[in-house]
Amino acid sequence: MSDLSNQESTEVNARERRADHLREARRSLIVNAARDVFAKEGLDGASMRSIARASGCSTGAIYPYFHGKEELYCAVLQEALKELQLAVTEAIENCSLIEEQAGAGVLAFFDFYNGRPDDLSLGLYVFGGLKRVGLGRELDGVLNQQVGGVIGLIEDRACAGGRPPEWTAGAIAHCMGLLVMGHTGRLSHWEYEGRYLLEQFLRR
């Protein structure tokens, strides 16, 4: 009787794992499709219908995972931020000189978005022109916490390397300015690459 009970329990666990895997795969499919739609149409232009069409499912199949396109946009940004954090962490860990680790993190931040212009554009969702837009207090809070985690990695290394408290804010602001100027063609006036200018700033 005990062996039969154990077998049934094992079968139930296996079914639950398969169901979890299927749900995660479907969620990932929806998020990836949403990323493509948002990159082409923006948050305002996208609709749950167009995202469903791109993911090959019905709109009804999306709602168990996301209540609206704002939640989907947040999920897209979260995935990018997870990858950004991994890139920054790896760059810092691969730098043996403590005083250069923060700079390595900033350069990894730049390289990540410079090589992924769609993610840069999506990441600037909070501004419509010069007006802050956002996704609502709750979703903005989720994203701000994640961004804070990435920035915190750099701040920690900056402090360990003897940088002043304001250094990280200036470095990230410089980084983002160069990314925006580079991807909008504004740097062509000086004929310098954004990464070169960022390296010069970090050396100072």
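What you are looking at is a predicted structure, and each value in this text was computed from that prediction instead of being measured. The residues of the chain are indexed from 1 along the displayed sequence.
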Only pairs at least two apart or in different chains count here, so list each ring pair (Phe, Tyr, Trp, His ring centres under 6.0 Å) that has a residue in residues 83-108.
none
Which heavy atom of Gln85 sits nearest a heavy atom of Leu153, and at what distance?
CG-CD1, 3.8 Å
Without swapping roles, check the side chain of Asp156 against the backbone of Gly152 for a donor-acceptor pair under 3.5 Å.
no
What pair of heavy atoms forms the shortest contact from Phe66 to Ala75, and how long is it?
CE2-CB, 3.6 Å
Tightest non-hydrogen contact, residues Cys95 and Ala104, listed as CB-CB, 4.1 Å
Are more than 12 heavy atoms, taken from residues, nucleotides or ligands other than Glu193, located less than 6.0 Å from that residue's CD atom?
no
Using modelled atom types and a 3.5 Å cut-off, is there a donor and acceptor pairing between side-chain atoms of Gln146 and backbone atoms of Gln78?
yes
His183 NE2 to Asp118 CG distance, which is reported to the nearest 0.5 Å:
10.0 Å
Ring pair (Phe, Tyr, Trp, His ring centres under 6.0 Å) against Tyr192, all qualifying residues, sequence neighbours excluded
Tyr196
With a 3.5 Å cut-off and sequence neighbours excluded, list the donor-acceptor pairs that the side chains of residues 29-43 form with protein atoms.
residue	atom	partner	partner atom	Å
Asn32	ND2	Ser28	O	3.3
Arg35	NE	Asp119	OD1	3.2
Arg35	NH2	Asp119	OD1	3.3
Arg35	NH2	Asp119	OD2	3.2

Within the structure provided, determine whether Met48 and Ile62 are in side-chain contact (heavy-atom separation under 4.5 Å).
yes
Say you draw a straight line from CD of Glu90 to CD1 of Ile92; how long is it, rounded to the nearest 0.5 Å?
11.0 Å
Are Leu124 and Val147 in one and the same hydrophobic cluster, where Ile, Leu, Val, Met, Phe, Trp and Tyr link if side-chain heavy atoms are under 4.5 Å apart?
yes
Check the hydrophobic clustering (I, L, V, M, F, W, Y; side-chain heavy atoms under 4.5 Å; chains of links allowed) and say if Trp190 and Phe110 are grouped together.
yes
Let me confirm one number: the SG-CZ distance from Cys159 to Arg157, rounded to the nearest 0.5 Å.
8.5 Å
Would you say Leu139 ends up clustered with Tyr63 if hydrophobic residues are merged whenever their side chains have heavy atoms under 4.5 Å apart, either directly or through other cluster members?
yes
N/O donor-acceptor pair under 3.5 Å between Ser50 side chain and Ser47 backbone:
yes
Neighbour count >12 (heavy atoms, 6.0 Å) for atom CD, Glu166
yes
Compare every heavy atom of Cys57 with every heavy atom of Ser55, then report the nearest pair and how far apart it is.
OG-SG, 3.0 Å
Atom CD of Gln145: over 12 foreign heavy atoms under 6.0 Å
no
Between Trp167 and Val106, is any pair of side-chain heavy atoms under 4.5 Å apart?
yes
Heavy-atom distance under 4.5 Å between the side chains of Phe112 and Leu120, does that happen here?
no
Are any side-chain N or O atoms of Arg186 and backbone N or O atoms of Thr184, one a donor and one an acceptor, separated by less than 3.5 Å?
yes
Nearest heavy-atom pair of Cys74 and Val142: which atoms, and what distance?
SG-CG1, 4.3 Å
What pair of heavy atoms forms the shortest contact from Thr168 to Ala158, and how long is it?
OG1-CB, 3.6 Å
Once you round to the nearest 0.5 Å, how far does CG of Leu72 lie from CZ of Arg27?
8.5 Å
Test side chain to side chain contact (heavy atoms under 4.5 Å, CB included) applied to Ile151 and Glu155, step by step
CA-CA 6 Å; Ile151 302 302; Glu155 284 180 329; 3.9 Å; yes
Interatomic distance, CD@Glu100 vs CG@Leu107, rounded to 0.5 Å, equals 10.5 Å
The reported gap from CG in Leu122 to OH in Tyr73 (rounded to nearest 0.5 angstrom) is 4.0 Å
Trace of the salt bridge (Lys or Arg N to Asp or Glu O under 4.0 Å) decision for Glu83 with Arg116
CA-CA 11 Å; Glu83 295 180 43; Arg116 299 170 61 159; 2.7 Å; yes
Determine whether Tyr65 and Arg23 make a side-chain contact, defined as any pair of heavy atoms from C-beta on separated by less than 4.5 Å.
yes
